[in-house]
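A short write-up of the structure that comes next.
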Amino acid sequence: MAQCVQSVQEFIQDSFVPMVAVLCSEDAERVTRKNSLSFPELLRPFCRLTSEGHLRDPNNQVVVVKGLRISVTGINTRPPQTPEMHRLLSQAVSVCQPPEGSPANVITAGDYDLNISDRTVKASVPWYSDWKETLTQLSSSKYYTATTPWFETYRENFLQSMPASEHEFLNHYLACMLVVSSCEAVPTEQFLKLSQEQHRIQHSGEYTHPKWFIPNTLKYYVLLHDISEGDEQRADSVYEDMKQRYGTQGCYLLKINSRSGSTGADEQMPDPWSQYLHKTSIHNPVKSAVSNAVENNIDGPLVFADDNETHPLQLDQPTDAGYPSNNASQSVNNVDMTRPQKQASVTSHTTPTPRGTCLTLNDHDHIRQFIQEFTFRGLLPHIEKNIRQLNDQLVSRKGLSRSLFSATKKLFGGGKVPEKSIAELKNTAGLLYPSEAPELQIRKMADLCFLVQHYELAYNCYHTAKKDFLSDQAMLYAAGALEMAAVAAFLQSGAPRPYPAHYMDTAIQTYRDVCKNMLLAERCCLLSAEILKSQTKYSDAATLLIKMTSEDSDLRSALLLEQAAHCFINMRGPMVRKFAFHMILAGHRFSKAGQKRHALRCYCQALQVYKGKGWALAEDHINFTIGRQSFTLRQPDNAVAAFRHILINDSKQSAVQQTAFLREYLYVYKVRNTHSTSCIMEALTLFSTGEKQAATHVSLDQEFDRDLSPLWRELEERVVAVVNRGAVPITFQPSQCCLNSQTDNLRYPLAVVEEPIIVEVVFRNPLKIPLALSALCLLWKFTPKDFSDPQGNTAGETITNEKTMALNDIIDTQVIPEFTISPEETKVARLKLLPHKTGELHVLGVVYNLGTGEVDNSEGSLAEDLMCVRGQQNLEIQGPRLNMTKEEKTSVTYGPDHRLDPIITPLMPLLEVFFINFPTGLLCGEIRKAWVEFVNVSAVPLTGLRVASTHPEFFTFGSAASDLTPVTPTAAEHCSAYKTVAMPPSVEIVSLVSPAAFGVTSGDRPVVAEIPLSQGVLGPGEALQIPLWLRGPDREGVHEINFLFYYESTEKTAKLSHRVLRHTAFICASRSLSVRATASRSNTLHSRERETEERQEGEEKNGSMLVFVDVENINTSEAGVREFHIVQVSSSSRQWRLHKCINPVGDKDSKLASRERGKLCFKATRCRTEEGGASSSRAHTQIMHFMYFYIVSSTTPCADFFFRRGLPSEPRRGGVSTGGASQIWRQSGTDDGVTNIVKKCSEVELDIIVLWKAYVVEDNKQLILEGQLHVALQTIGKEACSLSQKEKNVLLNLQQSNTIRPTSEDFMFLTFFFLLFSSLCMVPVTLTLSNCSLAQVDVIVDLRHKTTSPESLEVHGSFSWLGQTQYKLQLQAQEVYRLSLKACFFQAGVYNLGTPRVFAKLAQTSAMCETSQQSAMPALIIINSV
């Protein structure tokens, strides 16, 4: 049970107090009425004694009476009837509510403090850890309270409103005060009249009520003197006469009204009567009903007749003859018709009547002293005398000893009669004893002892009476004796015997089942439960309280269930779920009893336990009930919140039930909306939202790539650096057109006037029913500003569309008329704003009409849905968590997010780019011509158009001197991408080209390209088409090409200096050709000719070398490619040029089918001295073509892609490779000067450009594709490839002295012819091996061919070695050995005989593997057909 303010002993003592009647004269009542009080009401605050009283029991033992309280009421006070009693109890509970703002209670369980009582309950149950969080939330809830003052109020009113019964005397009057005013002419005569009236009421037999304890009732005579009006001397003389007549212990002079009501009105006097007296009359059911309705906020007007008229629904109740009549002389005693009832504070709607205005503090002391004198000198001696008399009577009648104390053993010792069960007893509840019966005398003596706190004697008497009543089967009397015996046993000091709980159980069962008296059973239950709670027997108390619930009284059942719930949570191991379950039951019964506020409180308290525990259906039921109760109590905010919880969670309800919940929610929300002065209500948070802001040229369908964002920033920085002459401004900020949660939103985004702003909102419908949104639009506020003003002053006040939507002249707001979301669907809404003025814009949220989605087809409009309400969803974005400083790391701090706060800047140009004939797939090195169209869709011109790309080698717009014919995409559809000129084949063409003419300077690739515009400006609405040449990447696979177009406005603005447009293209590159090239020194001259040439070399600085180009078709018939044709070979160098082509098949082009390889051999010579001087900054371009036309490789696009080619895999000058070689030579002891000379002699700067055509079959049509491949020769004898090779770690053997150097005869061109009758050509070859070391060497010669290309397999079907393929030899020191070999050729061509591999190791070493030796120079042989 909940903790009570009083202890259980105080509660029981205050429940059973001596009753005193009051009979006043009219003048005496008039004196007290000056204070707006009757005489019993005047005495009520002072009826508790502050000092101890004493009396002696029949055994002459002193009994101490502590804290005694007496009850003083009018003699004709009528207890309320049962219907009225129920109404009064309901009203008392209704007006008592939990105090607002009270501190939260804490429950103690385990390591948590949960203070539900004054004691701290400790619980260390293992399973309890799972409920710690729940109990903490429950204890901190505003709905939870450990005390229940409404229950205490109900209990006190219930106990003090019980009518007096025949089977007990606790509610019978012990004494009667006769009150006469000193202003009476003859006060003694008035006393006589009142005494006779009291005697008539008690002994005439005309009245059954009130009940009197004993026939000889104590009469106490009180002379009431009004100090402000009466004669004090006369009052004193009358009082002296009274003492002579009634004795000093039977009368008293009470002086009050020391001041008049008018004097001292401003002085604040204490009002001790406010907490005891009703603020509404109990005899006015109309006012009480109105008060009850107001407190519970029951809807609907209450209409009643006038107070003087009879209510039409009131039952006719005849005047009870058992009570004294309400004549004029006795009307003064009818003011207080009930027992004293302590009420909780009630908010009154009328000004309370001041009480005690004529009383001073001395008067308060006079009244308090009067009560003390009456009790100590009148009441207690009277009770003591009656106890002795009753004891003597009982002893004499039963023939026992003088004292019951000495007879206890005889009474209770032996001969016990076994008690019969309730079921075996006869129904003798109606048995009545005569008033002189000994059994009643014992009960009367027990009640007297109980009232004066002599609990031991009371228990003995109750126990004796109980046995007598059970013997007579007087069950009502027996139950009363059992009840009071149990209470007396509990209240005995020192606890000589345990509390007999079975007495209480038997009494409750007898009252309820045999006597059919639920009032007495309820009283017994309340007393026993309080006693069990004080003994921490919460389980027994809860069981007892639950048993007393029934259908006859919802209010009683609700209160008892609530107390049982508190018992469960106060146990040693708190039973939280049982607490919540019984709180729900209590809330249900409160609701049936009309106690809406208490019902709401119980449900809210139980929700703390069920919330978030997975009991979805139970939680939905609780929230639904809370919503309805809150709506009934006119709390629409709480109702909306409760219904919202049912809808926003992942509900397990059926679709039909969800529809009902939603309709209820919309109805409550709509009613709330009608009572609100605002046109737009707060957020309907049924949806989860995510936001993006975008400009028109950025797709919202793109996903944000965190890795790609730095790339775009770098490209933009490069363009800005080029525009600003190599330096990026400090104030540079990268452009952001699409903002989301992963972008940098710390600064305000910039938007442009007259350009739309799109906000993407993601709605999620968690329900199983469709939802219909209509009139969906954005909510915003806007502050106009003129940014042309350097001061940036505000041009106007802040404007918002929260109140009105008619602001399209400032910002055009898009409205989506209908937006339906299917069950459990996530749907995106894109809402648009079009600003027409510059300033600062803030997007606040979205507004919409919400309906159930059930639209009648005949109507067809969501706006006509009766259940449609206006809702608002605020878009509040939380920024990223700050984690830079120490304070930010130790706290949870979030930065700003300005995604929805764009700044509207003045007009800026807006560019759109369209690619025409842009391919999605290319062959590696393929050249394709496309077109690009630039359109200025804004109202201002643009300038400074540039483009930056991550792959500048992929495209070119051509050089400034390029011939741009044909000028349209249609005219160029079937034309070659190259510029061609007719020319006989095998003619050498030389031209000088500068890389600067193609935008290449300092050897770097141009990342930023400027796009030529007519007069440098693209006007508003104008469009420009220019050609765009594309070249397939050298690597196969899918390539991502990023373009960033940069442009500016002709008028500079402070907010936005430039704009960019991003585009990403994906190109799938397929294999085409693989080109390998090798340069070798020419050794074909005889010794004398070489000597002559060496003498001439000093004069002409001339020389020659052989360039071998191997071209292999590595395409595996991808993209329908049939064959490749080598159309032309061009070279570019400052020092070398191709001089002669050694082609065995004549002037025809080389045709390569799939997996075929061709070899080309060229003679290269050094440029002449005058050419070399002229070409210091230019490169010689030589063209060797095989068709009757040639491609001008010194112009666009061939030269563009050549100069834009990617850097080779190894650097041309310096770099790691050169440094590594120098280090190796130094380690071997070679002079640095000699090293530099050798290195310089081996350097070659010669670039080879191979141009090809491919024939493709597509859709039964043959297409011709063109392309070019680049090979850069850097070192003599080192092979270069058009495909970039993977880097490999090479282990160098530094001991180069012990090597075998295979040499061949002097390099010569040998020509053999195939005979017509023979298909083979056999050529003898001599391989010379020289041992350069001084040690014996083992040599292995391997003639088998080995694949040297990781990308393709070499084909050697037309050339092979005859005879033995491997030789093992041993060479002595410095021995020269000649090995004779024979080669066999199958067809004409140019072949390299330098393929044998030579391995060597020292003969004395035990190495398992030999070292590969340096191969000889290429030995070419030409085989011709006859």
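For this chain, numbers begin at 1 and follow the sequence in order.
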| message | Closer than 3.5 angstrom, by distance alone: can the side chain of E456 be matched with the main-chain N or O of Q492 as a donor-acceptor pair? | response | no

| query | Counting N and O atoms only, with roles assigned by atom type, does the side chain of K537 sit under 3.5 Å from a partner on the main chain of S534, one being a donor and the other an acceptor? | reply | no

| task | Please tell me if the side chains of L451 and L174 come closer than 4.5 Å, counting only heavy atoms from C-beta onward. | result | yes

| field | Test item: F490 and E530 side chains (from C-beta on) under 4.5 Å apart, heavy atoms | value | no

| said: Is any side-chain heavy atom of V238 closer than 4.5 Å to one of V180? | reply: no

| task | On the 0 to 90° scale, with breaks at 30° and 60°, tag the H364-F46 ring pair as parallel, tilted or perpendicular. | result | tilted

| message | One thing to verify: whether E168 and R443 come together as a salt bridge, which I'm taking to mean a side-chain N less than 4.0 angstrom from a carboxylate O. | response | yes

| request: Look only at the side chain of S161 and the backbone of N157, and say whether a donor-acceptor pair between them is shorter than 3.5 Å. | output: yes

| message | Would M162 and L520 count as a side chain to side chain contact (heavy atoms under 4.5 Å, CB included) here? Give the steps. | response | CA-CA 9 Å; M162 292 191 65; L520 294 174; 3.5 Å; yes

| task | Before accepting this row, confirm whether a basic side-chain N of the pair R368/D365 lies closer than 4.0 Å to the acidic partner's carboxylate O. | result | yes

| request: Could you grab the distance from atom CE of M518 to atom OG1 of T82, nearest 0.5 Å is fine? | output: 12.5 Å

| Should the pair F213 and H172 be assigned to parallel (<30°), tilted (30 to 60°) or perpendicular (>60°) ring geometry? | perpendicular

| Is there a donor-acceptor contact under 3.5 Å from the side chain of Q441 to the main chain of S435? | yes

| query | Does R388 reach the main-chain N or O of D57 with its side chain, forming a donor-acceptor pair under 3.5 Å? | reply | yes

| Going by distance alone, is a donor N or O of one side chain under 3.5 Å from an acceptor N or O of the other, for E483 and Y511? | yes

| message | Looking at S195 and F191, would you say the former's side chain and the latter's main chain have a donor-acceptor pair under 3.5 Å? | response | no

| field | Aromatic plane relationship, F158 with Y154 - under 30° parallel, 30 to 60° tilted, over 60° perpendicular | value | parallel

| note | One should read off an interatomic distance between L42 CG and E29 CD, to the nearest 0.5 angstrom, of 10.0 Å

| request: Identify the heavy atoms of L380 and H54 that sit nearest to each other, and give their distance. | output: CD1-N, 4.3 Å

| Taking atom CG of L526 and atom CD1 of I12, what is their separation to the nearest 0.5 Å? | 11.0 Å

| message | Looking at H225 and S182, would you say the former's side chain and the latter's main chain have a donor-acceptor pair under 3.5 Å? | response | no

| said: If we count only N and O atoms by modelled type, under 3.5 Å, do the side chains of S528 and Y499 hold a donor and an acceptor together? | reply: yes

| Crowding at NZ, K34 (>12 non-hydrogen neighbours, <6.0 Å) | yes

| task | Taking the six-membered ring for Trp and the single ring otherwise, decide whether the centroids of H463 and Y459 are under 6.0 Å apart. | result | yes

| field | Taking every non-hydrogen atom, the tightest pair across S36 and P354 | value | OG-O, 3.6 Å

| task | Quick one: closest heavy-atom pair of L457 and P58, and the distance? | result | CD2-CD, 4.0 Å

| request: Answer yes or no: is there a side-chain heavy-atom contact under 4.5 Å between L23 and L178? | output: yes

| said: What I'd like to find out is whether the side chain of S181 reaches to under 4.5 Å of the side chain of D226, using heavy atoms alone. | reply: no

| With no hydrogens and no angle check, is any side-chain donor or acceptor of D447 less than 3.5 Å from a backbone partner on F169? | yes

| said: Measuring only between side-chain heavy atoms, which start at C-beta, is K533 closer than 4.5 Å to C567? | reply: no

| query | CG of D27 to OG1 of T32: how many Å apart, nearest 0.5 Å? | reply | 11.0 Å

| Does the side chain to side chain contact (heavy atoms under 4.5 Å, CB included) test come out yes or no for L224 and L254, once each step is laid out? | CA-CA 5 Å; L224 190 61; L254 179 59; 3.8 Å; yes

| Between N391 (side chain) and I387 (backbone), is there a donor-acceptor pair under 3.5 Å? | no

| said: Taking the side chain as everything from C-beta on, heavy atoms only, tell me whether E232 gets closer than 4.5 Å to K255. | reply: yes

| query | Nearest 0.5 Å, what's the NE2-CG distance between H382 and L55? | reply | 13.0 Å

| Going by the angle between their ring planes, with limits at 30° and 60°, are F450 and F16 parallel, tilted or perpendicular? | perpendicular

| said: Please find the pair of heavy atoms, one from P45 and one from W273, that lie closest to each other, and give the distance. | reply: CG-CD1, 3.2 Å

| field | Whether Y252 and Y239 hold their rings parallel, tilted or perpendicular, with breakpoints at 30° and 60° | value | perpendicular

| said: Under 3.5 Å, is there a donor on one side chain and an acceptor on the other for Q13 and Q9? | reply: no

| Between T217 and I214, is there a donor-acceptor pair closer than 3.5 Å when you use the side chain of the first and the backbone of the second? | yes

| message | Restricting to non-hydrogen atoms, name the atom on L379 and the atom on A175 that form the minimum distance, rounded to 0.1 Å. | response | CD1-CB, 4.3 Å

| said: Tell me whether E41 is salt-bridged to R355, with the criterion being a basic N under 4.0 Å from an acidic carboxylate O. | reply: no

| Will you find, in the side chains of H366 and N362, an N or O donor that is under 3.5 Å from an N or O acceptor? | no

| Salt-bridged, R48 to D14, with N to O below 4.0 Å? | yes

| query | Minimum heavy-atom separation for G74 to Y173, with atom names? | reply | O-OH, 3.2 Å

| task | Apply side chain to side chain contact (heavy atoms under 4.5 Å, CB included) to the pair Y221 and L194, showing each step before the final yes or no. | result | CA-CA 10 Å; Y221 301 89; L194 294 179; over 6 Å; no

| said: For a quick check under 3.5 Å, do D363 and N257 share a side-chain donor-acceptor pair by atom type? | reply: no

| Geometric class of the F469/Y477 ring pair [parallel <30°, tilted 30-60°, perpendicular >60°] | tilted

| said: Please determine whether side chain to side chain contact (heavy atoms under 4.5 Å, CB included) holds for the pair H209 and R78, giving the CA-CA distance in whole Å, both sets of side-chain angles, and the decisive distance to 0.1 Å. | reply: CA-CA 8 Å; H209 295 85; R78 181 182 305 177; over 6 Å; no

| Would you call M445 and Q393 a side-chain contact if the rule is heavy atoms closer than 4.5 Å? | no

| Separation between SG of C449 and CG of L390, rounded to the nearest 0.5 Å | 8.5 Å

